[in-house]
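Notes follow once the structure below has been shown.
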Protein chains: 2
Amino acid sequence: MTIKYLLDNNFKPSLYKKGDVIYEPGAYPRAVYFIKSGKVRMVTVNDDGKEFIQGIFKANEYFGEPALLVNKSYLAYTIATQDSEIIVVKGEDFLKMLKEHPDFSMKLIQTLSHRLFYKSMMLEELANEHAEHRIRTLIAYLFKDVEHSQELKVTRQQLADMSGLRVETVIRIIKKLSDQKELKLLRGKIIRI
Amino acid sequence: MTIKYLLDNNFKPSLYKKGDVIYEPGAYPRAVYFIKSGKVRMVTVNDDGKEFIQGIFKANEYFGEPALLVNKSYLAYTIATQDSEIIVVKGEDFLKMLKEHPDFSMKLIQTLSHRLFYKSMMLEELANEHAEHRIRTLIAYLFKDVEHSQELKVTRQQLADMSGLRVETVIRIIKKLSDQKELKLLRGKIIRI
DNA sequence: GTTAATTTATGATCCAGATCATACTTAAAT
DNA sequence: ATTTAAGTATGATCTGGATCATAAATTAAC
């Protein structure tokens with residue numbers, strides 16, 4: 001796995017504290033970021049300060065390549081949502097990795113394809129579907145890595161920031177879905193049935 | 001360029017007539033589609049029949065790889081918007097191309113990165129911005145390959161289908177932008193100032 | 001274990017943009 | 001050159017979800 005490869009090749013992780021900004025919009029990309037431990041959120045923020053969550057990245061994932069590869073400045077903030085160890089791989093080293101390891105290159109293509117899938121799905125939702133449908137789709141998507149009768153580790157605010165809705169709306173819809181037995185609520189937590 | 005490579009290697013284009021459906025949602029991906037000539041639109045359609053334009057592809061571009069590479073069925077329809085010659089490259093052949101031509105692999109990574117950029121930008125718009133802002137951003141994006149005082153070859157309906165708005169709303173906003181001299185209207189056509 | 005900060009909850013009001021309806025203009029088809 | 005279809009235009013009404021306000025329940029911090 002890639003992180004191990006990097007550590008074996010003497011790349012050192014940097015420490016980011018919860019809340020630290022890793023990069024911000026407008027900055028010129030110089031590196032790709034591999035998460036050894038921790039979690040980050042990638043968000044765009046509009047003029048009113050409203051956040052939209054473009055993605056959440058956790059241990060063993062990486063982020064920041066698209067901007068680097070197309071040589072455009074970042075669109076989003078990336079912020080550590082908990083203390084994290086992140087290996088910052090300089091652009092040139094990343095390109096070398098791609099060149100020298102076709103299997104990694106292939107993996108990257110698949111990763112990018114997955115992200116495109118998610119974004120296409122959400123675009124369709126935001127463009128055409130009403131609040132309830134959006135939340136249903138989003139929850140179904142998030143439930144896919146959650147066991148039965150386990151909880152979703154996501155707040156209503158985060159669901160709002162992923163779906164383009166407001167917290168109050170999300171809260172009302174979750175309640176409704178719970179009434180319709182599509183999910184369970186346990187002390188506020190959303191539980192997969 | 002890739003199309004030339006394919007033709008030189010004896011891949012033959014298929015003909016699709018205007019309106020022909022190249023693939024549809026749910027179908028299992030078996031190929032990647034290279035456009036020799038013509039144009040296609042990729043659209044998702046919701047239960048009410050409302051379309052959302054996920055992308056427009058023209059000569060020398062290709063489409064359909066993400067679904068193939070992550071091995072998931074298609075989300076969208078792809079429809080020829082004019083008579084088109086399209087080289088249908090079977091999955092295995094496409095994978096072979098990727099393996100044998102690292103430069104192509106690199107190009108693909110960049111292409112996917114570009115598409116991600118566009119989708120991230122539009123997600124932010126659909127999630128957080130009002131109609132006028134969305135249309136401004138979208139038009140600015142489309143104007144980037146349009147000369148000064150040249151027209152945008154896009155209808156109001158298409159702008160609506162790319163922005164998640166309704167035609168009437170787009171028409172009203174375009175009119176307003178024209179009043180504000182942000183663009184010119186010539187017999188209905190949108191002209192870059 | 002107590003205080004502070006998040007998160008969840010719920011009602012009341014408001015408004016941007018959807019929807020409906022109808023007409024005009026431009027481009028395409030025959 | 002006409003008919004037909006597609007696209008643009010504009011007013012009137014309606015509505016889903018935003019916004020505002022206020023409080024209760026959890027969780028985190030000290």
Side-chain angles (χ1 to χ4, degrees), chain A residues 17-19 39 41 46-53 79 81-83 125-139 151-179 183-191, chain B residues 17-19 39 41 46-53 79 81-83 125-139 151-179 183-191:
Chain A
K17 295 230 138 250
K18 177 176 174 174
K39 197 185 247 189
R41 71 178 191 281
N46 79 347
D47 296 341
D48 306 338
K50 189 166 183 293
E51 288 195 1
F52 176 76
I53 299 179
I79 302 170
T81 51
Q82 43 185 256
D83 294 356
E125 291 292 325
L126 299 209
N128 282 339
E129 304 292 359
H130 284 191
E132 188 175 328
H133 194 286
R134 287 191 210 179
I135 293 301
R136 264 218 198 81
T137 301
L138 190 50
I139 287 185
E151 77 183 64
L152 242 198
K153 285 189 188 3
V154 143
T155 66
R156 311 286 193 276
Q157 183 62 61
Q158 287 171 327
L159 290 173
D161 290 348
M162 299 171 88
S163 63
L165 301 167
R166 314 296 139 165
V167 221
E168 298 93 324
T169 304
V170 173
I171 287 170
R172 288 183 241 257
I173 289 170
I174 298 281
K175 180 123 308 167
K176 190 175 171 198
L177 294 182
S178 156
D179 290 348
L183 50 82
K184 242 176 61 186
L185 288 183
L186 185 54
R187 296 208 272 92
K189 296 291 163 217
I190 299 167
I191 314 280
Chain B
K17 295 231 139 250
K18 177 174 175 176
K39 196 184 248 186
R41 69 177 192 282
N46 80 348
D47 295 341
D48 307 338
K50 191 167 180 291
E51 288 195 2
F52 176 76
I53 298 179
I79 302 170
T81 51
Q82 44 186 255
D83 294 356
E125 291 291 326
L126 299 209
N128 282 339
E129 304 293 359
H130 283 191
E132 188 174 331
H133 195 286
R134 287 192 210 178
I135 293 301
R136 262 216 198 80
T137 301
L138 190 51
I139 287 186
E151 76 182 64
L152 243 198
K153 285 187 190 358
V154 143
T155 66
R156 312 285 193 276
Q157 183 62 61
Q158 287 172 328
L159 290 172
D161 290 347
M162 299 171 87
S163 63
L165 301 167
R166 314 296 139 164
V167 220
E168 299 93 324
T169 304
V170 173
I171 287 170
R172 288 182 242 257
I173 288 170
I174 298 282
K175 180 124 305 169
K176 191 174 168 198
L177 294 181
S178 156
D179 290 348
L183 50 81
K184 240 176 64 184
L185 287 183
L186 185 53
R187 295 207 271 94
K189 296 290 163 219
I190 300 167
I191 314 280

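Naming convention: chains lettered A, B, ... in sequence-line order (proteins, then strands); numbering from 1 in each chain.
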If the helix axis at each end comes from five base pairs, how far does the helix from dG1(C)-dC30(D) to dT30(C)-dA1(D) deviate from straight, to 10°?
70°
Can you sort out the partners of Ile171(B) under side chain to side chain contact (heavy atoms under 4.5 Å, CB included), two or more places apart, ordered by chain and number?
Arg156(B), Val167(B)
Base-contact (B) and sugar-phosphate-only (S) positions in nucleotides 22-30 of chain D, heavy-atom cut-off under 4.0 Å, - elsewhere:
----SS---
For every nucleotide of nucleotides 11-19 of chain C, 5' to 3': is a protein heavy atom under 4.0 Å from its base (B), only from its sugar-phosphate (S), or from neither (-)?
BB---SSSB
Side chain to side chain contact (heavy atoms under 4.5 Å, CB included) involving Lys18(A) - partner list, sequence neighbours excluded
Asp83(A)
List for me each residue that meets side chain to side chain contact (heavy atoms under 4.5 Å, CB included) alongside Lys39(A), sequence neighbours excluded, and say none if there are none.
Ile56(A), Lys58(A), Thr81(A), Gln82(A)
Is the shortest side-chain N/O distance from Arg156(A) to OP1 or OP2 of dT7(C) below 4.0 Å?
no
Taking only residues two or more places apart in sequence or in another chain, which ones pass side-chain hydrogen bond (donor to acceptor under 3.5 Å, both in side chains) with Lys176(A)?
Glu132(A)
Treating Ser178(A) as the side-chain partner and Ile174(A) as the backbone partner, does any N or O pair qualify as donor plus acceptor under 3.5 Å?
no
Holding to salt bridge (Lys or Arg N to Asp or Glu O under 4.0 Å), I want the full list of residues that pass it with Glu168(B), two or more places apart in sequence or in another chain.
none
Go through the structure and list residues passing salt bridge (Lys or Arg N to Asp or Glu O under 4.0 Å) with Lys184(A), not counting sequence neighbours.
none
May I ask you to verify if any side-chain N or O of Lys175(B) is less than 4.0 angstrom from the OP1 or OP2 atom of dT8(D)?
no
Quick check for you: to the nearest 0.5 Å, what is the distance between Leu185(B) atom CG and Ile190(B) atom CD1?
6.5 Å
Residues which pass side chain to side chain contact (heavy atoms under 4.5 Å, CB included) with Asp161(B), listed by chain and number, not counting sequence neighbours
Glu51(B), Ile53(B), Gln157(B)
